[in-house]
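All chains are named by letter (A, B, ...) in the order of the sequence lines, taking the proteins before the strands, and each is independently numbered beginning at 1. What you see is a predicted model; the values in this text were computed from it and never measured.
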Amino acid sequence: MFGIDEVRSLVQGSDHLGNEQKVVTRFPPEPNGYLHIGHAKSICLNFGIAQANNGDCHLRFDDTNPVTEDIKYISSIVEDLAWLGFGSGKPKHFTSDYFDQLYEWAEYLIKNGDAYVDDLSPDEIREYRGTLETVGKESPYRERGINENLELFRKMREGEFEQGSKVLRAKIDMEAGNLNLRDPIIYRIINVDHPRTKNSWRIYPTYDFAHGQSDAIEGITHSLCTLEFEDHRPLYDWLLDHLPVSIRPKQIEFSRLNMTHTVLSKRNLKYLVDEGLVSGWDDPRMPTLSGLRRRGIPADAIKTFCVGLGVTKANSTVEMAAFDACVREYLNENAQRRMAVIDPLKIILENFEEGRIEQLEVENSPKSESFGTRNLTFSREIYIDREDFMEDPPKKFFRLSPGKEVRLRYAYLIRCKEVVKDTEGKIIELRCTYDPETKGGSAPDGRKVKGILHWVSSHDAINAEIRFYSKLFNTEQPGKSAELIDDLNRESILVHKNCKLEPSLLKFGCEETVQFERLGYFCKDTDSSQINPIFNRTIELRDTWSKLNPSNIS
RNA sequence: UGGGGCGUAGCCAAGUGGCCUAAGGCACCGGUUUUUGAUAUCGGCAUUCGGAGGUUCGAAUCCUCCCGCCCCAGCCA
């Protein structure tokens with residue numbers, strides 16, 4: 001087990017390096033999906049170590065399999081990476097750029113008697129490989145002559161053989177306990193054009209034959225990868241030992257990020273998208289970087305979270321609450337405050353003159369004066385949230401109820417005089433009075449008012465749709481004890497229409513997350529338009545009250 | 001009776017033989033402050049390090065055995 005500092009010292013104290021060698025790491029996504037928070041961990045680790053050591057970190061697309069990869073993913077990956085604050089904005093490294101070198105090295109192996117062309121079928125290869133508990137047996141083609149191998153391999157390259165009919169294998173040890181060493185396939189025929197090399201190649205190197213070598217070509221000193229590649233390290237080293245490479249990258253494994261209440265595998269994420277269970281890769285409920293961004297989570301909050309993660313070899317699952325805490329901590333310091341009413345309940349202030357409008361200058365954040373101030377308008381008719389009024393309140397409810405007094409944030413103390421209902425008995429309006437002596441919210445007589453409500457003035461409030469997002473799955477480990485779909489939280493999105501916002505909110509951009517006081521953090525959604533503003537709830541505020549009295553929250 | 005890993009509080013995780021009757025964060029519980037039931041702040045939360053033996057004056061740290069969990073039988077990465 002090792003911590004991030006140990007990875008750093010591992011890097012710094014590496015004896016496999018020459019004294020003066022610069023540390024170079026790499027982040028090697030395969031262009032076949034979108035980046036998610038798990039990738040962010042790897043990104044922050046790799047780029048972080050490079051920065052800490054005055055080194056470099058290469059974004060390298062590991063594009064060795066043209067059947068699953070697509071060029072369209074490259075731009076999203078580059079974009080997400082740049083959003084996080086890493087990379088130059090344009091991709092510079094591709095495994096496919098090394099196909100010529102890789103091919104040459106394959107011939108080098110053949111010439112040294114370290115690789116051979118195998119005619120066994122895929123089924124036969126599997127059969128010959130043996131099982132976890134029984135050794136494999138050697139292919140009848142294993143002892144072909146070097147010239148025959150060379151000739152066959154060149155014909156493979158020329159496209160003379162059917163896909164699946166031949167492969168190039170490293171000649172290692174069919175009896176090895178580690179299956180990866182049982183003559184691993186290093187080149188296979190794939191009669192498919194490559195997104196970048198087009199129709200130049202009919203054979204493509206496997207991950208095992210491409211990764212370490214690409215590392216060597218780029219001068220990568222530390223190749224950090226996830227635990228499932230531990231078994232591949234002996235092969236990674238074997239290949240480098242048998243090839244004329246000048247530098248020796250070192251593979252170091254650490255555990256991938258797992259989080260509760262979500263899924264972090266391409267397969268499951270793709271399933272959610274393909275089945276229409278979410279609106280797309282950038283659905284605000286998705287743990288993808290594009291989804292988190294759309295939900296309003298700042299890149300810096302993600303980075304802080306990732307830097308704080310343990311870099312160890314223990315399989316672990318981080319509670320979503322830890323991520324939430326990180327997001328709240330960041331937003332509490334950096335987000336401006338505004339007021340918004342989700343479910344408007346009209347209040348008429350009977351003693352406030354009709355037609356009169358008052359301007360109130362209020363701070364944009366209690367955290368720092370540097371956020372500046374804005375004006376709120378106050379008028380005879382205002383809205384509060386329906387949830388903040390109870391006709392027959394429980395004991396500790398200190399919001400508004402008949403006869404009670406509360407403070408309207410930044411404005412005045414008001415007292416509820418009368419509840420107006422429609423014929424159905426639904427409350428449609430509250431008649432209240434305000435205390436003119438309490439402008440700004442403090443009473444000259446020093447009387448304490450515990451309840452404080454957010455509000456907007458009906459005079460200039462704007463209408464908006466607000467989408468409340470919550471965890472995508474109800475269970476901590478979705479799909480563990482049921483089908484994935486059964487664990488889905490069917491209420492992970494709740495849309496509220498006809499919400500009332502203070503007008504200054506119109507000026508905010510999509511990624512400028514603001515706090516709606518007493519409610520949470522929100523940001524404008526990309527679906528938003530001038531006439532139809534839409535906001536996403538990024539995350540709710542901590543709420544001790546609803547936790548203590550869940551039944552009091554409608 | 002294949003190989004490779006991992007096991008410190010509900011979660012993540014420091015710790016590499018003595019200052020460990022085990023840091024820190026999240027979660028949780030309780031107090032204070034508060035014009036956000038937010039924030040801030042204070043306090044509580046492992047006599048114990050998967051278990052059992054052993055070595056040692058001294059062990060989470062070293063040794064032995066045992067138990068549990070994860071990964072590997074793609075011409076995926």
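A salt bridge is defined here as a Lys NZ or Arg NE, NH1 or NH2 lying under 4.0 Å from an Asp or Glu carboxylate O, and E107(A) with R154(A) meets this definition.
Across the strands present, A60(B) finds no partner; the criterion is a Watson-Crick or G-U wobble pair with both atom distances under 3.5 angstrom. Nucleotide C65(B) has G51(B) as its partner under the Watson-Crick or G-U criteria, with both atom distances under 3.5 Å. Using Watson-Crick or G-U wobble geometry with both donor-acceptor distances under 3.5 Å, U36(B) finds no partner in any strand shown. Across all strands shown, A77(B) remains unpaired; no Watson-Crick or G-U wobble contact has both distances below 3.5 Å. Pair assignment for U16(B) gives none, since no Watson-Crick or G-U wobble pairing has each distance under 3.5 Å.
Ring planes of H39(A) and F27(A): perpendicular class, angle over 60° (limits at 30 and 60°). Ring orientation note: the planes of Y412(A) and Y434(A) are nearly perpendicular, at an angle over 60° on the 30°/60° scale.
Rounded to whole Å, atom C1' of A38(B) lies 13 Å from atom CD of E363(A). Rounded to an integer number of Å, the gap from N191(A) CG to C75(B) P is 17 Å. Atoms CZ (F254(A)) and C1' (C70(B)) sit 16 Å apart, rounded to a whole Å. Look at CD1 on I172(A): it is 18 Å from P on G3(B), rounded to the nearest Å. Here A38(B) presents its C1' atom at 13 Å from CD1 of I539(A), a figure rounded to the nearest Å. Between the CG atom of L181(A) and the P atom of C72(B) there is a distance of 17 Å, rounded to whole Å. For the pair H211(A) NE2 and G74(B) P, the computed distance is 22 Å after rounding to whole Å. Put simply, CG on N315(A) is 16 Å from C1' on U8(B), counting in whole angstrom units.
A13(B) and A60(B) have their C1' atoms separated by 14 Å, given to the nearest Å. Taking atom P on both nucleotides, C63(B) is separated from U56(B) by 15 Å, rounded to a whole Å. Distance noted for atom C1' between U64(B) and A23(B): 31 Å (whole Å). If you take atom P in U61(B) and the same atom in C19(B), they sit 13 Å apart, rounded to whole Å. Remark: the separation of the P atoms in A40(B) and A27(B) is 11 Å, to the nearest Å. If you take atom P in G15(B) and the same atom in G24(B), they sit 14 Å apart, rounded to whole Å. When the P atom is compared between U34(B) and G50(B), the two are found 46 Å apart, to the nearest whole Å. To the nearest whole angstrom, the two C1' atoms, one in C20(B) and one in G58(B), are 12 Å apart.
Residues passing the ring-ring contact (aromatic ring centres under 6.0 Å, His included) test with F468(A) are H496(A), F522(A), sequence neighbours excluded.
Considering only side-chain atoms of F229(A), the nucleotide from G5(B), U39(B), A77(B) that sits closest is A77(B). The side chain of P122(A) has C75(B) as its nearest neighbour among G2(B), A77(B), C75(B). Side chain of E30(A), nearest nucleotide from C71(B), C76(B), G2(B): C76(B). The listed nucleotides are G37(B), U36(B), A77(B); the one nearest the side chain of F397(A) is G37(B). Checked against U36(B), G37(B), C6(B), the side chain of F398(A) finds its nearest nucleotide in G37(B). When the nucleotides A77(B), U36(B), G37(B) are ranked by their closest atom to the side chain of T544(A), G37(B) comes out on top. Distances from the side chain of E230(A) to the nucleotides A73(B), G5(B), G37(B) place G5(B) closest.
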Using a cut-off of under 3.5 Å, enumerate the N/O to N/O pairs linking the protein to nucleotides 24-26 of chain B.
residue	atom	partner	partner atom	Å
C26(B)	O2'	A322(A)	N	3.4

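Here S255(A) does not reach the OP1 or OP2 of C6(B): none of its side-chain N or O atoms lies under 4.0 Å away. Phosphate proximity of C72(B) to R129(A): absent, as no side-chain N or O sits under 4.0 Å from OP1 or OP2. Contact check, R328(A) against A38(B): no side-chain N or O comes under 4.0 Å of OP1 or OP2. The phosphate of A13(B) (OP1 or OP2) has a side-chain N or O of S316(A) nearer than 4.0 angstrom. Phosphate proximity of C12(B) to T317(A): absent, as no side-chain N or O sits under 4.0 Å from OP1 or OP2. For N65(A), a side-chain nitrogen or oxygen approaches OP1 or OP2 of C76(B) to under 4.0 Å. Taking side-chain N and O atoms only, R182(A) has no distance below 4.0 Å to OP1 or OP2 of G2(B). Distances shorter than 4.0 Å separate some side-chain N or O of T312(A) from OP1 or OP2 on A13(B).
Heavy atoms of Q515(A) sit under 4.0 angstrom from at least one base atom. In this structure, L120(A) reaches the bases: a heavy-atom distance under 4.0 Å links it to at least one base atom across the strands shown. Within 4.0 Å (heavy atoms only), P234(A) reaches no atom of the nucleic acid at all. No engagement by K266(A) is indicated, since no non-hydrogen atom pair under 4.0 Å with the nucleic acid exists.
In terms of polar N and O atoms assigned as donor or acceptor, the side chain of E133(A) never comes within less than 3.5 Å of the base of U1(B) in a complementary pairing. Counting distance only, with no hydrogens placed and no angle test, the side-chain atoms of H232(A) and the base atoms of A77(B) include a donor-acceptor pair under 3.5 Å. Not a single donor-acceptor pair, N or O on each side, falls under 3.5 Å between the base of G37(B) and the side chain of D543(A).
Nearest-nucleotide positions on RNA chain B for Y521(A) and L227(A) put L227(A) closer to the 5' end. Of the two residues near RNA chain B, P205(A) and S365(A), the one whose nearest nucleotide lies more 5' is S365(A).
Judged purely by atom type and a 3.5 angstrom limit, D63(A) uses its side chain to pair as donor or acceptor with the backbone of S96(A). For D70(A) (side chain) and Y73(A) (main-chain N/O), no donor-acceptor pair under 3.5 Å exists by modelled atom type.
Sorted pairs that involve residues 320-331 of chain A and meet side chain to side chain donor-acceptor pair (under 3.5 Å), not counting sequence neighbours, are lacking altogether.
Because its glycosidic torsion is more than 90° from 0, G50(B) is reported here as anti.
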